[in-house]
Amino acid sequence: MGTLNSQRLIKGEGTSERIWQALFEHRPLERQKIDNLLGGSGVVHIVAPHPDDEILGCAGIIRQLSLLGIAIHVWAVTDGEASHPDSPHWARDVLATVRTEESERAMALICPTCLRKRLAMPDGAVARHEQELAMMLAESFAPGDTVFAPWRLDGHPDHEASARASHYAARLKQCRFLEVPIWGWHWADPYAGDFPSRRAVAIMLDPETQRLKAHAIQSFQSQLQPDPDTGSPAILPDYALARLQRPYEVVFQ
């Protein structure tokens, strides 16, 4: 997870899926079809701070877009090489290679035609390269495109920096900008006003898409298994996955 935002800490087990489901039972999310969110866009950009974010946050959306014939570009901001600090088993260069391969394998299941661009910015330090990232993205965005990025308050500094850069580039190039919570489900307290429910819509996933997403997530074994050398727990434990494997995905408009 990298260095954490001091105001939006990702610690412990976070807000449980039971709490989120109780909230949504009381206040159901608005449902939308993915094509209604695009405003006629024929090109969609998915900005992923780390290899796996594109799958965890919006694998189902990506699959639905691909079935509609939408051109999809995945921007892999970092290689995720800092996920296991001080681990002899997971040296940074090894992780960069393995996590890239994991992402490519997962994307092949969800959307074989997607174009994945590896930017190789330093994991854990995207904020230091935020303006550079914004300019790189702006060069590839075009007016009328749609951009999906993590929530600007997602809690992980790389997610938030990538979101800010994406938002800047989208505004500069007159693109539609949509946010996807990933670690935000962990730190946010929905009863304290942390969750922007008025902006949230649910994109429903059919059973086959749910199955493919679950299969794709299993590609990320480096994040799903404890570190064999340090004994550190999995980066993506079951309680985190429970918030990301619902029969719908959530987008902030």
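Here, residue 1 is the first one in the sequence, and each next residue gets the next number. The basis for the numbers below is simple: all heavy atoms, side chains too, and nothing from hydrogens, waters or symmetry mates.
- Linking ILVMFWY residues whenever their side-chain heavy atoms come closer than 4.5 Å, directly or via other members, places Ile10 and Trp151 in the same cluster.
- Without hydrogens or angle criteria, Gln32 side chain to Val201 main chain gives no donor-acceptor distance under 3.5 Å.
- One hydrophobic cluster, built from ILVMFWY side chains closer than 4.5 Å, cannot hold both Leu224 and Leu95; they sit in different ones.
- Using a 4.5 Å heavy-atom cutoff, the side chains of Asp158 and Val77 are not in contact.
- Follow the hydrophobic side-chain contacts under 4.5 Å out from Leu119 and you never reach Val44; the two are in separate clusters.
- Within 6.0 Å of the CG atom in Asp238, the count of heavy atoms belonging to other residues, nucleotides or ligands does not exceed 12.
- When the side-chain hydrogen bond (donor to acceptor under 3.5 Å, both in side chains) test is applied to Tyr168, no partner is found at least two apart in sequence or on another chain.
- Residues Tyr191 and Leu23 have side chains in contact (heavy-atom distance under 4.5 Å, counting atoms from C-beta outward).
- Only one option out of Arg8, Lys11, Arg243 pairs with His186 in a side chain to side chain donor-acceptor pair (under 3.5 Å); it is Arg243.
- How far CD1 of Ile110 is from CD1 of Ile217: 8.5 Å, rounded to the nearest 0.5 Å.
- Without hydrogens or angle criteria, Thr78 side chain to Met121 main chain gives no donor-acceptor distance under 3.5 Å.
- Here the straight-line distance linking atom CG of Asp194 with atom CH2 of Trp187 works out to 4.0 Å at 0.5 Å rounding.
- Residues Leu137 and His73 fail the side-chain proximity criterion, which asks for heavy atoms closer than 4.5 Å.
- No side-chain heavy atom of Leu38 sits less than 4.5 Å from a side-chain heavy atom of Arg176.
- Atom CZ of residue Phe220 and atom CD1 of residue Ile235 lie 13.5 Å apart, to the nearest 0.5 angstrom.
- There is no side-chain donor-acceptor pair under 3.5 Å between Asp227 and His89.
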| task | Step by step, work out the side-chain contact (heavy atoms from CB on, under 4.5 Å) result for Gln253 and Arg198. | result | CA-CA 9 Å; Gln253 298 186 93; Arg198 293 183 180 179; over 6 Å; no
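- Side-chain heavy atoms closer than 4.5 Å link hydrophobic residues (I, L, V, M, F, W, Y) into clusters, and following such links, even through other members, never connects Leu56 to Tyr239.
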| Going through the distances and angles, do Ile34 and Ile70 end up as a side-chain contact (heavy atoms from CB on, under 4.5 Å)? | CA-CA 11 Å; Ile34 189 60; Ile70 303 295; over 6 Å; no
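- Cation-pi geometry between Arg246 and Trp185 is met: the NZ or CZ atom falls under 6.0 Å from the ring centre, inside 45° of the normal.
- Within a 6.0 Å radius of CD in Gln221, more than 12 heavy atoms belonging to other residues, nucleotides or ligands are found.
- In this structure, Thr100 and Arg116 have side chains that are in contact, with non-hydrogen atoms separated by less than 4.5 Å.
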| Under the side-chain contact (heavy atoms from CB on, under 4.5 Å) criterion, do Gln64 and Lys33 qualify, and how do the steps go? | CA-CA 10 Å; Gln64 291 186 18; Lys33 291 186 176 181; over 6 Å; no
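- A chain of hydrophobic side-chain contacts below 4.5 Å, direct or via other Ile, Leu, Val, Met, Phe, Trp or Tyr residues, connects Met204 to Phe252.
- Looking at Arg99 and His50, their side chains never bring a donor and an acceptor atom within 3.5 Å of each other.
- Remark: Glu102 does not engage Arg105 in a salt bridge, criterion side-chain N to carboxylate O under 4.0 Å.
- Inter-residue side-chain proximity for Arg92 and Asp79 is flagged as unmet; no heavy-atom pair is nearer than 4.5 Å.
- Between the side chains of Glu54 and Ser103, at least one donor-acceptor pair of N or O atoms lies under 3.5 Å.
- Side-chain atoms of Cys114 and Ile62, non-hydrogen and from C-beta on, do get closer than 4.5 Å to each other.
- A 6.0 Å sphere centred on CG of Asn36 holds more than 12 heavy atoms belonging to other residues, nucleotides or ligands.
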| said: Go through it in stages, so that I can follow the logic: the residues are Asp93 and Glu81, the test is side-chain contact (heavy atoms from CB on, under 4.5 Å), and I'd like the CA-CA distance, side-chain angles, deciding distance and then a yes or no. | reply: CA-CA 7 Å; Asp93 59 336; Glu81 69 277 7; over 6 Å; no
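- One distance of note links CG of Asp52 with CD of Gln223; it measures 5.5 Å at 0.5 Å rounding.
- Here the side chains of Arg164 and Glu160 are in contact, with some heavy-atom distance below 4.5 Å.
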